[in-house]
Amino acid sequence: MSELSQRTIDAIRRNEAPLLASWSANLEHSGASRDMRISHAEFDAQTREFLRLVVVGSSTGDAASLASNEWSETRAFLEKLSRSRAQLGFDSQHTASFIFSLKRPLFELLQKEYADNAEALAAQLWAVSELLDALGMHTIRTFQKSREEVIARQQEELLELSTPVVKLWDGVLALPMIGTLDSQRTQVVMESLLQRIVETGSEIAIIDITGVPTVDTLVAQHLLKTVTAIRLMGADAIISGVRPQIAQTIVHLGLDLQGIVTKANLADALALALKRSGYAVGKAG
Amino acid sequence: MTAASSGSHPVRTEQDVVLARQQVRKLAVSSGLRLVDQTKLVTAASELARNTVIYGGGGDMDWEVVEEGIRKGVRLVFRDEGPGIPDMKLAMTDGWTSGGGLGLGLTGARRLVDEFSLESAPGNGTRVTICKWS
Ligand SMILES: Nc1ncnc2c1ncn2[C@@H]1O[C@H](COP(=O)(O)OP(=O)(O)O)[C@@H](O)[C@H]1O
Ligand SMILES: [Mg+2]
């Protein structure tokens, strides 16, 4: 990467105010700063800080490589910028145009500064362009990484939301299953339940199927597998929410749930779980 | 027996199985089936629809709300153009599966409904018709 000359750096320093003004105007024009998600004050602070960092980075030595130490502060700034833009829901173009829109004001400045020296002008235009491109690309890269992190986190949250494993009592976990138990989700549900049993050292897990409209042989197969896995871990399982119509259907299907403790509702299952854990349950007083 | 209304539903993906189930529940409710009979019919449909997807390579479910005198019912036909069932007697045995299932789908479905018929020929697809009356 070619370097900014001392003369260019000095020119940027001297013209900080007009540079910032025309950069802001450019951002305004592109609509980038008119978004309600970022305040004007914040935008001003970010443009000022970025320009300062460009000057610092270019003047403290080797500007040849963005990976070098001189640019670490700039890189950190851009990473923070990308992350906050990603979290606010901006796209990568918006984030990159923050940097690319500084090109024009800088080019105009260079044209004035080097009006007497076409060769130097060409070299410096090239240097500025290369530098901003590299910084812009770095921003896009980190933006994409941040965006992927945001998406990954949201996906995890979604999966967890649909599989809440609740601790009902010391040693008693409940898993209220809701909706269609398509095989993919059932797998996740089962894994998170088994994981929580280990984490909490629970002895009894209640699988509540009140929210499951249809119990067919595939659902039953998943339930049986889950119960078997729970037992292999040395814990006990109770299936609750077996409504009368579900019970009759299970019988006609010919499913063998013998050896599996089932209860009509969650309250009954909890009462049984507490009794098994040695708690006495009764009315106070 | 007359058909009050009828239609067809694709059964090609897991998602279709879910949608078919929802459709059958609506039909069962509108035909005046009791809650337990609604549940039985929906469960039978779930079994047959999944077989259509898994073993039949996808197909369709034709539905009909039928009337006979004062009673109403729901008639469902699950049809596919898959490999068919080579040994129907074996397929209709409790606990027999060629896949990794529980082998209770066909036999269970038969016990859950009022009418059940299975037609299949190797290489010519499979057709299962069921009916449940109010
Ligand atoms: N539509 C179909 N096409 C081909 N084979 C089928 C079809 N439906 C069922 N079968 C066969 O009948 C067997 C029994 O089906 P089922 O009782 O539903 O049990 P499972 O689905 O658990 O295997 C299946 O394993 C399969 O070999
Ligand atoms: Mg089956």
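The sequence lines fix the lettering, A, B, ..., with proteins before strands; numbering per chain opens at 1.
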query = Which answer fits A:P244, side chain, backbone, both or neither, if we ask what part of it has an atom under 4.5 Å from a heavy atom of chain B?
reply = neither

key: A:Q221 side-chain N/O to B:G100 backbone N/O, donor-acceptor pair under 3.5 Å   = yes

query = Can B:T39 and A:T214 be said to form a side-chain contact (heavy atoms from CB on, under 4.5 Å), step by step?
reply = CA-CA 7 Å; B:T39 309; A:T214 311; over 6 Å; no

task = Please step through side-chain contact (heavy atoms from CB on, under 4.5 Å) for the pair B:L104 and A:T217, ending with a clear verdict.
result = CA-CA 7 Å; B:L104 292 169; A:T217 61; 3.9 Å; yes

key: Region of B:R25 in contact with chain A, defined by heavy-atom distances below 4.5 Å   = side chain

ask   = Side-chain contact, heavy-atom cut-off 4.5 Å: B:L112 with A:L253?
value = yes

ask   = More than 12 foreign heavy atoms under 6.0 Å from CG of A:D170: is that the case here?
value = no

remark   = OG1 (A:T249) and CZ (B:R111) are apart, to the nearest 0.5 Å, by 12.5 Å

key: Candidate pair A:L255 and B:L102, rule side-chain contact (heavy atoms from CB on, under 4.5 Å), full reasoning   = CA-CA 9 Å; A:L255 289 168; B:L102 291 178; 3.6 Å; yes

request  = Using a cut-off of 6.0 Å, state whether more than 12 heavy atoms not belonging to B:Q23 lie near its atom CD.
outcome  = yes

remark   = Nearest heavy-atom contact between B:V36 and A:Q245 is CA-CB, 3.8 Å

A:Q248 side, atom CD; B:K40 side, atom NZ - distance, nearest 0.5 Å = 5.0 Å

task = Could you check B:R21 against A:D216 for side-chain contact (heavy atoms from CB on, under 4.5 Å), going step by step and ending with a plain yes or no?
result = CA-CA 11 Å; B:R21 255 192 331 246; A:D216 60 10; 4.0 Å; yes

